S.K.: 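This is the structure, below, for whatever I ask next.
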Amino acid sequence: MRDNEIIERIDVFCDAVPRYRARAEEHGPLVLFVPTGPGWPYYARPRLGGRAPITTADVRAVRARQRELVIPESFEWIEQAAPDMAAAAADGGLDVHAHPLMVLDNPAPKAARSEGALPDGTLPEGVLAGLGLPPDITVRIIAPEEPDLHRIWAVPSVAFGNPGTTAGEVGGAERDKIAADHDGGTIEMLRDRLRSGQSVLAAAFGPDGPLAAGSYQAVDDVGEITGIGVLPTDRRRGLGAAVTAVLAASALSRGVRTVFLSATDAAVARVYARTGFREIGVAMIAEPARG
């Protein structure tokens with residue numbers, strides 16, 4: 001499959017995912033996804049198919065609607081699919097950020113595709129071969145009734161609150177504090193998504209509990225891996241790559257043909273490259289400046 005065809009498949013996926021839990025409002029060449037229930041708010045993005053060029057006025061109109069709805073003023077798109085969006089977003093007063101868009105180029109071992117996850121949520125040994133994981137680390141797919149789900153879900157919060165790939169002192173204590181503050185509704189909603197198969201969650205565990213986590217969701221045969229986070233105390237141990245490899249193998253075992261993700265920066269992209277991903281384009285995000 002050619003790169004432009006893969007990008008088109010990913011672009012269709014990014015338009016389809018929000019429609020399961022949000023109402024689509026068209027604003028000229030843009031579409032805004034408005035939440036219809038509890039959960040995470042979505043973004044605005046360029047419309048699929050033929051459309052007029054995106055202007056600064058279009059961006060400002062959608063921003064005004066987002067403020068009216070009290071939802072984040074966030075826009076996401078693929079640069080190759082909408083090259084006119086970045087300038088309009090910047091002129092519309094938003095900070096524009098570019099991130100490597102990567103696709104799985106070297107599929108996981110055949111065993112993972114044929115056997116899928118084992119009964120305990122682990123995957124065949126070949127999936128993690130060559131990653132050099134420490135012997136006290138296990139990596140597995142998380143079941144909906146996992147008793148440690150609140151602590152697993154807290155790991156990416158800690159990781160993204162302390163961005164980068166450098167090891168640090170923030171770790172289990174901060175994870176457990178965030179986990180203790182999670183509301184039951186959020187965790188139950190996550191359990192529902194795991195039961196339905198809308199999301200698949202994986203985590204790496206050490207003696208002190210979950211140390212890295214991430215998830216993927218699929219529409220038809222396209223899947224996106226998101227939210228890969230590692231506690232700073234446990235970075236540089238291959239845990240993020242291991243969780244990514246397990247998620248990719250799980251997606252392939254479920255018939256997903258295109259597995260993609262976006263990396264925070266070039267350093268993180270190098271981690272994903274170790275598990276068979278290659279850069280294919282640029283994932284764009286525009287949002288108001290912080291502070």
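Fair warning: this is a prediction, and the values are worked out from it, not measured in the lab. Only this structure's heavy atoms are used, side chains among them; waters, hydrogens and symmetry mates stay out.
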S.K.: Mind listing the closest non-hydrogen atom pair of Ala154 and Ile178 along with its distance?
M.R.: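 Scanning both residues completely, I find the closest heavy atoms to be CB-CG2, 3.8 Å.
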
S.K.: Could you report the tightest heavy-atom contact between Val96 and Ala86, atom names first, then the distance?
M.R.: CG2-O, 3.9 Å

S.K.: Treating Ile, Leu, Val, Met, Phe, Trp and Tyr as nodes and any side-chain heavy-atom pair under 4.5 angstrom as an edge, say whether Val31 and Tyr43 lie in one connected cluster.
M.R.: yes

S.K.: Whether the side chain of Arg47 engages the backbone of His27 through a donor-acceptor N/O pair (distance < 3.5 Å, no angle test) should be reported.
M.R.: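 No: the side chain of Arg47 does not pair with the backbone of His27.
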
S.K.: One thing to verify: whether Glu68 and Arg63 come together as a salt bridge, which I'm taking to mean a side-chain N less than 4.0 angstrom from a carboxylate O.
M.R.: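 No salt bridge links Arg63 with Glu68.
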
S.K.: Ignoring hydrogens and angles, state whether a donor on the side chain of Gln198 or Arg21 is under 3.5 Å from an acceptor on the partner side chain.
M.R.: no

S.K.: Test salt bridge (Lys or Arg N to Asp or Glu O under 4.0 Å) on Arg65 and Glu73 and set out the steps.
M.R.: CA-CA 9 Å; Arg65 177 61 173 154; Glu73 296 174 53; over 6 Å; no

S.K.: Can you confirm whether Leu261 sits close enough to Thr226 that some side-chain heavy atom of one is under 4.5 Å from a side-chain heavy atom of the other?
M.R.: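 The answer is no; the side chains never approach within 4.5 Å.
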
S.K.: From Tyr20 OH over to Tyr42 OH, what is the distance, rounded to the nearest 0.5 angstrom?
M.R.: 10.5 Å

S.K.: For Glu145, is there an ion pair with Arg195 - N to carboxylate O distance below 4.0 angstrom?
M.R.: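 Salt bridge: yes.
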
S.K.: Would you mind telling me which of Ile141, Leu194, Leu247 makes a side chain to side chain contact (heavy atoms under 4.5 Å, CB included) with Leu201?
M.R.: Leu194

S.K.: Checking side chain to side chain contact (heavy atoms under 4.5 Å, CB included) between Phe205 and each of Asp136, Val139, Ile152, Leu211, which is the one that passes?
M.R.: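 Testing each of Asp136, Val139, Ile152, Leu211 against Phe205, the sole residue satisfying side chain to side chain contact (heavy atoms under 4.5 Å, CB included) is Ile152.
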
S.K.: Looking at Arg9 and Asp221, does any basic side-chain N land under 4.0 Å from a carboxylate oxygen?
M.R.: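 Between Asp221 and Arg9 there is a salt bridge, with a charged N closer than 4.0 Å to a carboxylate O.
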
S.K.: Would you tell me whether Tyr216 and Ser250 have side-chain atoms, one donor and one acceptor, within less than 3.5 Å of each other?
M.R.: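 Judged by distance alone, the side chains do pair up.
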
S.K.: Please report the interatomic distance CG(Asp95) to NE2(His97), rounded to the nearest 0.5 Å.
M.R.: 5.0 Å

S.K.: Looking at every non-hydrogen atom in both residues, tell me the closest pair between Ala24 and Phe33 and how far apart they are.
M.R.: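 Taking Ala24 first and Phe33 second, the nearest heavy atoms are CB-CE2, 3.9 Å.
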
S.K.: Look at the side chain of Asp15 and the backbone N and O of Asp11, then say whether any donor-acceptor pair between them is shorter than 3.5 Å.
M.R.: no

S.K.: What's the shortest heavy-atom distance between Pro41 and Pro35, and which atoms?
M.R.: CA-CG, 4.1 Å

S.K.: Within the distance-only criterion (no hydrogens, no angle test), does the side chain of Arg151 pair as donor or acceptor with the backbone N or O of Asp176 below 3.5 angstrom?
M.R.: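 No, because the side chain of Arg151 does not come within donor-acceptor range (under 3.5 Å) of the backbone of Asp176.
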
S.K.: How long is the straight-line distance from CD1 of Ile6 back to CZ of Phe260, given to the nearest 0.5 Å?
M.R.: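 Answer for the CZ-CD1 pair, Phe260 versus Ile6, is 11.5 Å.
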
S.K.: So which atom in Leu239 and which in Ala212 form the shortest heavy-atom distance, rounded to 0.1 Å?
M.R.: CB-CB, 3.9 Å

S.K.: Working to the nearest 0.5 angstrom, can you tell me the gap between Leu94 CG and Glu287 CD?
M.R.: 8.5 Å

S.K.: Donor-acceptor check, side chain of Thr244 to backbone of Gly240, threshold 3.5 angstrom: yes or no?
M.R.: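 Between the backbone of Gly240 and the side chain of Thr244 there is a qualifying donor-acceptor contact (under 3.5 Å).
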
S.K.: Would you say that Pro134 contacts Arg237 through its side chain, given a criterion of any heavy-atom pair below 4.5 Å between the two side chains?
M.R.: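 They are in contact (side-chain heavy atoms under 4.5 Å apart), so the answer is yes.
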
S.K.: Without swapping roles, check the side chain of Arg51 against the backbone of Pro46 for a donor-acceptor pair under 3.5 Å.
M.R.: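 A pair under 3.5 Å: no.
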
S.K.: For Arg60 versus Gly92, what's the shortest heavy-atom pair and its separation?
M.R.: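 Minimum heavy-atom separation between Arg60 and Gly92: NE-CA, 4.0 Å.
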
S.K.: Mind checking the NE2-CG spacing from His150 to Leu190? Nearest 0.5 Å is all I need.
M.R.: 12.5 Å

S.K.: Looking at CG of Leu30 and CG of Asp58, how far apart are the two atoms once the value is rounded to the nearest 0.5 Å?
M.R.: 5.5 Å

